[in-house]
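Only heavy atoms go into these numbers, but all of them, side chains included; no hydrogens, no water, no symmetry mates. Residue numbering restarts at 1 for every chain, and letters A, B, ... go by the order of the sequence lines.
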Protein chains: 2
Amino acid sequence: MAKSRSERAPESAAKSARASKVAAAGSARATRTPRRRLRADEAQKRILEAAEKQLTKVGPEGLRLTDLARVLGVSHPAILHHFGSREGLVAAVVRHALHTLNEQLLAALSRGPAAPGRAELMDMVAEVYGERGFARLLAWLLLSGRAAKPVRGGTDMPLKQLAEAAHALHAAKFPEARYEDTLFELQLGAIALLGDAIFGDAVRRASGAPATPATAREFRGRLAALLGARD
Amino acid sequence: MAKSRSERAPESAAKSARASKVAAAGSARATRTPRRRLRADEAQKRILEAAEKQLTKVGPEGLRLTDLARVLGVSHPAILHHFGSREGLVAAVVRHALHTLNEQLLAALSRGPAAPGRAELMDMVAEVYGERGFARLLAWLLLSGRAAKPVRGGTDMPLKQLAEAAHALHAAKFPEARYEDTLFELQLGAIALLGDAIFGDAVRRASGAPATPATAREFRGRLAALLGARD
DNA sequence: CGTTGTACTTACATGGATGTAAGCGGTAAA
DNA sequence: TTTACCGCTTACATCCATGTAAGTACAACG
């Protein structure tokens, strides 16, 4: 069967920006960009970061090697060269992203003041979840069934550490405080922040409020106040 | 390497169950099922329902006409015959699903007791969101950018009606109650319930709790208590 | 009963996406 | 400088999903 491939130069547009082998004959020698060749780990990092960005946008089903290659200015087999297959790339992105999510969460905690107010904590976590698109990524993974087990190789159950640390802090002031209550607050905070990143704007619109950064911040503030009502 | 397709005769299996034209020659005339032919609206309803189920599972990108056709026991052009294109089908499903979501939400409210406790309300809404997969569907739509405007043709801003009704109820007991507070409670409730349907199990696992229906119910109970703390 | 509209079928066309094969050439080690 | 490894390219194979064309047969209507 094997019908002709229509045009044979759809991909070459991006390529021309980085290596024009046609121009080497004349005087353009000096301006010719030599064919770049990165070290394997650098190339993989570059690909990984672009893939993560793409993944949070279009999800694991929507990720197209050709699109990614065009963005990166390479040919799509280059990606396959480094990651074996599309699924291999997705798995690598997921592993990397969940790992850095954990790191950023814990780092955000230790970086802040010793006992940050709940509002600041809320904003920090919201930033980690929202601004880098982790909530979207997590949602994609959970929806598509790729994140049955939270993190493959890394600190499992990161929220448990948070809960225990928070409870220790809280119990110093209120010795009779129960761990369950702290755990619930943490779970609600996490679920509400993650949910807010996905559903927040839609819910605000559906309830007649404008969907602006200001209303989102106000929501987080009220949430923090509610969670901090015990203290 | 594309393991999903496996055998090359998946579509004929279902078909053979309903119309075996090869067997008509001999004596099997009496047992032959005549080719079923539904009325257009019935066929569309059937397709729509199956498509909605599929959509909540695999998302709008993952919906495959051939898969859907196999489930329904028809050929995939039959679906195209009724909905024009894959996108047409997805759009129809979305329209239909968001419409019934609204209906069910409002129905759940009017069906319940005049002033249901927050815990019961919570469970009712959670059932609408969770059990029929509306939360998943909504999440898919929001993630893939298909639900910029909440509902095309129908009651826009359904939550606003809820908020106003709830505030009227509440203000009868506490005249100085502020609408903003009720609105926030409603938003938090919606976001937490939606977020719980997507992230709940993962968050509970990540915080060291088992992810069972019981823990989910307990979470909703605590949430209801928290939201009802004003009363 | 014959006619007719249309729900539905098979067969195919087309395009797009992943993955493979082979070779080129940059980079760095010897 | 030479050599060899390997990152990356072009060309191609293949598969799979949507959509089209044409025909078939069921059901309703005269």
Side-chain angles (χ1 to χ4, degrees), chain A residues 1-22 24 32-47 54 58 60-70 72-90, chain B residues 1-12 14-16 18-22 24 32-47 54 58 60-70 72-90:
Chain A
M1 228 28 104
K3 58 206 40 66
S4 59
R5 193 54 49 195
S6 57
E7 321 91 335
R8 196 59 299 210
E11 221 166 315
S12 56
K15 177 193 59 191
S16 67
R18 52 190 297 276
S20 56
K21 53 178 62 176
V22 288
R32 176 162 94 101
T33 307
R35 182 160 141 189
R36 254 322 252 298
R37 183 188 166 140
L38 301 169
R39 280 204 329 268
D41 56 341
E42 288 176 329
Q44 284 169 22
K45 186 162 166 255
R46 235 173 78 83
I47 295 172
Q54 199 79 356
V58 299
E61 309 287 321
L63 185 72
R64 300 275 167 257
L65 291 185
T66 53
D67 294 356
L68 190 58
R70 188 157 25 83
L72 287 166
V74 300
S75 65
H76 86 266
I79 301 173
L80 290 169
H81 173 71
H82 288 291
F83 293 92
S85 70
R86 199 191 89 108
E87 276 306 308
L89 172 63
V90 171
Chain B
M1 150 122 48
K3 71 205 56 186
S4 60
R5 205 53 48 205
S6 55
E7 322 91 337
R8 196 57 297 226
E11 215 163 323
S12 55
K15 176 192 58 190
S16 68
R18 51 191 298 276
S20 56
K21 55 178 59 176
V22 287
R32 177 162 92 99
T33 307
R35 182 161 142 189
R36 263 305 266 296
R37 184 187 164 140
L38 301 170
R39 281 207 328 269
D41 57 339
E42 288 176 329
Q44 285 168 22
K45 187 162 165 257
R46 237 172 76 82
I47 296 172
Q54 199 79 355
V58 300
E61 310 288 320
L63 185 72
R64 300 276 166 256
L65 291 185
T66 53
D67 294 356
L68 190 59
R70 186 158 28 83
L72 288 167
V74 299
S75 66
H76 85 267
I79 302 173
L80 289 168
H81 172 71
H82 287 292
F83 293 92
S85 70
R86 201 191 87 109
E87 276 307 307
L89 172 63
V90 172

Rounded distance in Å - CG (A:Leu68) to P (D:dC8): 13 Å

Distance in Å, B:Asp41 CG paired with B:Arg39 CZ, rounded so as to fall on 0.5 Å steps: 4.5 Å

Separation of A:Arg39 atom CZ from D:dC8 atom C1', in whole Å? 16 Å

Is there a donor and acceptor pair closer than 3.5 Å between the side chain of A:His82 and the base of D:dG7? no

Nearest heavy-atom approach of B:Val90 to B:Pro60 is CG1-CB, 4.4 Å

When you measure from the side-chain N and O atoms of A:His81 to the phosphate of D:dC8, is any distance below 4.0 Å, counting only OP1 and OP2? no

Rounded distance (Å) that lies between atom P of D:dG7 and atom CZ of A:Arg46: 15 Å

Rounded to 10 degrees, the angle between the two terminal axes of the helix from C:dC1-D:dG30 to C:dA30-D:dT1, each from five pairs: 10°

Over how many whole Å does the gap from B:Arg64 atom CZ to C:dG16 atom P extend? 15 Å

Could you tell me the separation between the CG atom of B:Asp67 and the C1' atom of D:dA17, rounded to a whole number of Å? 10 Å

Okay, side chain of B:Arg46, backbone of B:Leu72: is any donor-acceptor separation there less than 3.5 Å? yes

Considering every strand and a 4.0 Å limit on heavy-atom distances, what is the contact class for B:Ala78: base, sugar-phosphate, or nothing? base

Can you tabulate the close N/O pairs, meaning under 3.5 Å, that link protein atoms to atoms of nucleotides 2-5 of chain C?
from  : atom 1 : to      : atom 2 : distance (Å)
C:dG5 : N2     : B:Arg37 : NH1    : 3.3
C:dG5 : N2     : B:Arg37 : NH2    : 3.0

Would you mind reading off the distance between A:Glu87 atom CD and C:dG19 atom P, rounded to a whole angstrom? 8 Å

Identify which nucleotide among C:dT20, D:dC8, C:dT10 has an atom closest to any side-chain atom of B:Ser75, counting heavy atoms from C-beta outward. C:dT10

Let's see if you can work this out: which of D:dG7, C:dT18, D:dT18 has an atom nearest to the side-chain heavy atoms of A:Leu65? C:dT18

Closest non-hydrogen atom pair between A:Arg86 and A:Glu61, with its separation: NH1-O, 3.8 Å

dist A:Glu42:CD -> A:Arg37:CZ (nearest 0.5 Å) comes out at 12.0 Å

A:Val74 and A:Ile47, any side-chain heavy atoms less than 4.5 Å apart: no

D:dA27 P sits how many Å from B:Asp41 CG, rounded? 15 Å

Roughly how many Å is it from CG in B:Leu80 to C1' in C:dA11, rounded to a whole number? 15 Å

Should B:Leu89 and B:Leu63 count as side-chain neighbours, where that means a heavy-atom distance under 4.5 Å? yes

Describe the nucleic acid contact of A:Leu63 in one word from base, sugar-phosphate, nothing, applying a heavy-atom distance below 4.0 Å. sugar-phosphate

With the side chain counted from C-beta on, respond yes when B:Leu80 and B:His76 share a heavy-atom pair under 4.5 Å apart, and no when they do not. yes

Where do A:Ser75 and A:Ala69 come nearest, in terms of heavy atoms and distance? C-CB, 3.8 Å

